[in-house]
Structure formats: C-alpha cells, structure tokens
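Computed from a predicted model, the values in this text were never measured in an experiment. Just the heavy atoms: all of them, side chains too, but no hydrogens, waters or symmetry mates, feed the values below. Labels below follow one simple rule: chain letters A, B, ... track the order of the sequence lines, proteins then strands, and each chain is numbered from 1.
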Amino acid sequence: MTTGRPLHLAAEIGGPPRYEPDHYLGLARLAEGGALDYVTLGDSFARPGPDALSVLARIAPVTDRIGLVPTVDTTHTEPFHVSSAVATLDWVSRGRAGWTADVSTTEAVARLFGRRTTAPAEALWREAGEAADAGARLWDSWEDDAEIRDTATGRFIDRKKVHHIDFEGEAFSVRGPAIVPRPPQGRPVTVIDGTTAPARAVAARHADVVHIRATSPEQAAAARADVHRLAAAHGRSARELRVLVALAVDLGDAETAPEPGLESGPPLAGHGTYFRGGPVDLAELISQWYRAGAADGFHLTPITPARDLERIVNGTVALLQHRSLFRTFHPGHTLREHLGLARPASRYALARTAGERR
Amino acid sequence: MHLAAHFPGVNSTTVWSDPRSGSQIDFASFEYLARTAERGKFDFFFLAEGLRLREYDGRVHDLDVVGRPESLTVLNALAAVTDRLGLAATVNATFNEPYELARRLATLDHLSGGRAAWNVVTSSDAFTGENFRRGGFLDRSDRYTRAAEFVSTARELWDSWTPDGMPRPVAHHGTHFDVSGEFTVPRSPQGHPVVIQAGDSDEGREFAASAADVIFTRHGTLEAGRAFWADVKGRLATYGRGPDDLKIMPGVTVVVADTDAEAQQYAAEIRRLQVSPQNAILTLEQVWGRDLSGYDPDGPFPDIDPEPDSGFAQGRVRVADPFAVAAKWRALSEEKGLSIRETVIESATRQSFVGSPETVAAGLTAFVDQKAADGFILVPHLTPGGLDDFVDRVVPLLQERGAFRSEYTGSTLRAHLGLAEPVWKG
Ligand SMILES: Cc1cc2nc3c(=O)[nH]c(=O)nc-3n(C[C@H](O)[C@H](O)[C@H](O)COP(=O)(O)O)c2cc1C
C-alpha cells in the first residue's frame, strides 16, 4: 500500500568543514539535478565550519529549484534576527528557504557566548518553540499586499496591513512588526528533528517537516502516527505536515557490507539510523518503506558527501525515478511547492478581514 | 578616490513614487545595483540597518520606503553574482553578541574571497530594544564602550587560528563580554573584515580613531568635511596610527544631467518628489513632536511650540534642539514667504553634487584634493537604476583625470581601500 502521496527526498550536504562556496554549490547542484526537495546544512556554534545560513545564501542565486535548509541555533540567538535572516534567505532564493530549528545544550557553546548557562533540554525546546512561534508571527506581520505605493495619498504602505506581534513568551518578548516584508513562501519551511520527546512536542506544534528515526518500517509508521497525534492536539491536520525518516548512509565500497541494511547503533550522532550498502540496496529500502506507508520520505545524510551524494543521485534516485516512485523534475519553484505544502495566509490578514466582515 | 554605493532604502532620500523606482526588497534590485557598482569599479556596496520600523504617534511610518531584507544574508547572496566589489553590512553592536557576529562576518569574508566589511553602529533605545531579549539597556557612553569591546573581542576571535590553520582557544573576560572556547572559522582572506564606523559624537569619533578602517559621515560640505577630516585624522596618532589608516567617506547624493542648468532643474524636481505634501507635515511633526496633521502643507507654519521628548516620532535620529530648528524654519518661511512644504524643501533636503558630468567630477575631485574626504558613499535616489548615470558618465571622467581606478588591482576590499592586512596577534 502506498500513502497516495508523492515521495519526498532531502539530503544533508555538510561534512568535514569546508570554507569554499564551490564545494557546497557542487553538492547542492547535484541534489538539484536529482530533483530532491531540499538540501540541509547542519550547524553548531562549537563545530568547525562556516555559518550554515550564510553558506546557503551564498549559493542561492546560483541554484535554481533546490530547497535550502540551514540549521539555526535558537538557544543563543535573537529570535528577531533569526526570523529576519531566514525570511531574507527566502527572498534571495525566491521562495526556497527553510530552517532547521535546533537547541544547544552544551556548556562549551554557552561559554562561547558567556551570556547564560545551559538549561535542561525541555526548557530549551520550549524556548525553541517560542522562537518558531514568534518567527512565524513576524513572517505574518506584513500582509502580502501591505506595500501599496499610493502616490495620491503619499503612502508607501498601508499600515493597517503591517502589524505589531506583541509576542510575550517565557524566554523573551518581541514587539514587531518584522523589518523584512512577508517572504515569497509566506512562511519559510520550518524543519525540526523530532527524535527526542521535547523536540517532537515542539515539532508537532510548529514544524512543517519533522525528521524522525526508525530501524524498521513499523517503527517509522508508529513515530509518524505519534507526530500526527501530537499535531492534532494543536488543531493541525496530517496534511500540513511531512514526516521524513532520517538515515545516515554509507554507500561506500559495497564489499564492506556483505549484509546491506540498517545498523542499530548510529555512529553519526544526530543523523539518524545508519544504513550501509549499495545505491540499489538503498533504493530497495526506500521503496519498501514508502510502499508500506511508513513515511512521507527520507532525509539522507551521506557520511562522505562528495562520494555518497553522487551515488545517491545517480544510483538510488535514478532507480526510484525509473520505478516512477520519485519525480524527475521540480514541477514548482518554491520549497513549499516541492513539499506539497500550501502557502499559508497571514494570520493577521485573516483576523483583520474577519473583523471587517463582522 | 574611493567610491561606495549605498543601496537606496529606508530614508527620505529615496524616491519611490518615480515610475522608474523598482522593488527595494527583490534580490534582482540588489543584484542590479551591485553589478552597476562593480562595473564602475567601486570599492564597496553598502547596506544600512534598522531593527524596528519607524513610527510616529504609535503607528508605523507609511510615507517613505518601509521594509528591507537582513544585510549579511543579502551580501552573501551578492557574493555569488559579483567578483571584486566589497560588501559592507551595517550591524548593531548593542543587540548582537561577538561570537555569533564575528562568525558570520568571517564566513562572509571566506565566501566572498575577502570582500567583507562591517559598519559598527550603536544606536539603540528602548523602542528598538522591544524586539530583543535585552530590551533597551545602555546609554550612549556605555554603547560605545560595549562597541569597542565588541570589536576587540571579534578581533581576538578572528586572530585565534594560526596562519597555518590551527585553532587555538580564546579567553576574553571583559566588562561586557565573557567569551571562551574555540572559534570555528579559520583566519579569513582579509585577516579581519574591514571595520566601518558611522556616528558623529566625540565618543563616536574616538572609537573610530581607535578601531575603524573607514568612517561613514554626513559631512557633505567642503568646510565641514575639512574640519571633520582634520579632527579625526588628528586623533589617530594617539593610537599609533597614520592618516592613511582611516578613510573618511561622507554619504553624498549626486544629480547629473547634460548641462548644469538641466541638472539643477532635475535636482529641484527630485526634491519635490522627496518632500510630498504628507512628508512635509511629517518632517515638521518630527521636529515639533506632535500631531500637525490639521495643517496645510501649502500654508503657513504652525504657531504652536515643539514638545520635545514627547515620543511622537520613534526610530529616527533625534533632533538635537527642536526649538532652534523650529525657530530657524519659521524665520526662513517668513523671510522668503515660503509655505511649510517649500520651507522643508529649502532647508531639509540637501543635494551634494549637482551638475554636468564635468562639474560633478570636478567637485568630487576637489573634495579629495582639499582633504575634505578620501572618497564618497553615493546615496542614489532611485532603486535600482540610481547609479547608472554616475557610472556611465562621471566615472569615465574621474578615470581620465587619474582620480579613480580604471581596473581593480587587488581582489580584497582591503586592497581596494589601500589598507594593510592586520598583523596577526597570536
Ligand atoms: C552617516 C551615518 C549613517 C548611519 N547609519 C546607520 C544605520 O544604518 N543604522 C543605524 O542603526 N544607525 C546608523 N547611524 C547611527 C550611528 O551609528 C550612531 O548610533 C548615531 O549616529 C549616534 O551616535 P553618535 O552620537 O556618535 O552620533 C548612522 C550614522 C551616520 C552618521
């Protein structure tokens, strides 16, 4: 049985630290050639490597369709700055931006800022949820048609359509409105790794795409159902969410994998279950799990990006396309379109027009 | 002579009502203006910053251009479509943290091959602070001590990797910051991104003399420029720096046409477009600090007094002495029989260089020859085509005079500005 939905595929392009943009551009173009939904670039303030959002902004004008999803720390950043930067990534990529909201739990990162000590994961994830919430409100704070350029009245914007958000959270408050006008996608795509319970709770409420981990289709289906159940509690339907299984993949020398398949102990912390085998084996696994309705798709982290991503695209993806399980081109332009997610209306526009109708 | 391009955005110089005025937010506008500046062999492309939309009377300002993208993200994208042009971002030192910002700036320097610059601004108040965790929390002198410590902390981070690529731990324990650990980015192509300062107080000038590579000023007349130059360059010796170590670049506007007379006429048209009837009243309200919407822009001045510190206008540089400004404008209006709008046009809009290409080129050159500036940050009034005339008609004349480069000779912004790479302080 299939889910009746198109398969979604994404890939991580981070690896050992590199500082030349062409390295990342090459990988993103490879993924774009395979019609993948998006590439992610992981980040942490304490891990050698450049700022991920900057890297994806750097390659945005020289890529065309691929979604661009950097990891952003919500623990040591200002939600107002983060929302502006992600909205701007959406502008410079013409609607292809997302962000993976993450927290930092280590003292090592806290000491780089010297502003606060760490807190329990629950508290940090609640704060991340507030950052996602405030960010979404800021993205809504300009209605789509706020810019009017009305020379007769001398008004550049219609200020009835630009709103203070007056966000008051536990961790911070933001008055708004955004300085960046509403981005092309309305709201850039929010991705959260929902492996741990506190992260999953926040993901179910605020994320558009949730990454989960599983070692069997049954486990994946259960995790997906769990995400849907949690989302429903916030009045969200399964249609508004995509759940992707995270797999770290090693498509290296197939001889080292006499028994292709999943390994229980994930050697790459944070990147999901570990798959080892050849590109065809990976295509088999994806086909089976997808047909079993276990997930909406997969987020693949090649353990050696330059080698494995090429094998994923030219081997695994090509085979899935040949079997008509995966599209051969991007039918739309924006990341939301790739994911089949509707462009949300501004909540303030809805409230205002509802008020006017009353 | 050094030249930079200011992206026309949220300021009263920008004329959005002109039919040629395009989007101030679409990336295509940024790309167009940056490519134009690079075609003109400019030193750098400059983005201003504002962290809260301007308001008056508790409502979002709606008359000038409102809204802009986040600077560093735009500049990283521009690095992909330009080769040599410097990329300068204004970023507030009050509402950011050194580790994060130093990392983003070092990243831009790597991703652009050594073209990054940071305009360190400090302006902040409780109004802007309402968007941030800290709120508004520092008075002016503390803002500059924080900015100075911010820049020195960033430099410690930028210097923390050895030139042969080994990270070494940083431990900064200061008044404002307590940063320790390892930076994640190796020393960048420029060593340190270029540091720009904009701000005119004594504290601001001292901070620039101690720490900046470039000053962005508003001193647009020859006399004011010469005085500013002498003052600021005179402060450098205290810090063991020479006059060439700090470049002074006023923000200026340019209006060119075939003849001087045509340019003057065009300039007058631009001023009328900049000061719409509604904008004339708003400009007055910002000085008066009160609602003057009942007054006729084509009529006489209000005979009521300003109410300073009323909080009527927020998010703008404050008028130092509203009573003096009000008295001056009233006198001007009476003396020349000018309406409110005419008075604002006459006194509040200033165009720096107006004339034929020859006149403008001569004017710019005179400023540099007479030590009033090392170069200019051009503030066009149109997005994104506002530099076309300058680049096509004035730059070639500057090149003929030998006043401006005909080709880039280096690949980094420091090379364009003739600034040495900072010595590595390991
Ligand atoms: C030419 C110029 C440009 C400026 N641009 C900005 C800007 O883009 N964003 C900002 O927040 N402040 C800007 N400022 C404000 C200054 O950074 C500074 O905070 C303000 O002038 C007060 O400092 P002061 O008392 O030293 O003048 C600018 C100032 C000048 C003179």
Is a side-chain donor or acceptor of A:E78 paired with a backbone partner of B:R133 at a separation under 3.5 angstrom? yes
Without swapping roles, check the side chain of A:D51 against the backbone of B:R104 for a donor-acceptor pair under 3.5 Å. no
Carboxylate-amine/guanidinium proximity below 4.0 Å for B:D18 and A:R149: no
Checking heavy atoms, do the side chain of [X], its backbone, both or neither come under 4.5 Å from chain B?
X: A:D43; value: side chain
X: A:L112; value: both
X: A:A146; value: neither
X: A:D150; value: backbone
X: A:A97; value: neither
X: A:A134; value: neither
X: A:H164; value: side chain

Highest number of heavy-atom pairs under 4.5 Å with chain A: which of [options]?
options: B:V65, B:D26, B:L75; value: B:V65
options: B:A77, B:G67, B:P167, B:G135; value: B:A77
options: B:G50, B:A80, B:G129, B:S188; value: B:A80
options: B:S17, B:A106, B:P98, B:P186; value: B:P186
options: B:S71, B:A28, B:A79; value: B:A79
options: B:N279, B:N96, B:L157; value: B:N96

Apply ring pair (Phe, Tyr, Trp, His ring centres under 6.0 Å) to A:W91 and B:F27, showing your working. CA-CA 6 Å; A:W91 278 106; B:F27 183 64; over 10 Å; no
With sequence neighbours excluded, residues passing side-chain hydrogen bond (donor to acceptor under 3.5 Å, both in side chains) with B:E269: none
What pairs with A:R155 under side-chain hydrogen bond (donor to acceptor under 3.5 Å, both in side chains), at least two apart in sequence or on another chain? A:T153
Would you please classify the geometry between the B:Y99 ring and the A:F45 ring as parallel, tilted or perpendicular, with 30° and 60° separating the classes? perpendicular
Looking at A:A85, A:A110, A:A60, A:S44, which one has more heavy-atom pairs under 4.5 Å with chain B than the rest? A:A85
Taking every heavy-atom pair that is under 4.5 Å apart, which of A:V174, A:V180, A:I157 has the most such pairs with chain B? A:I157
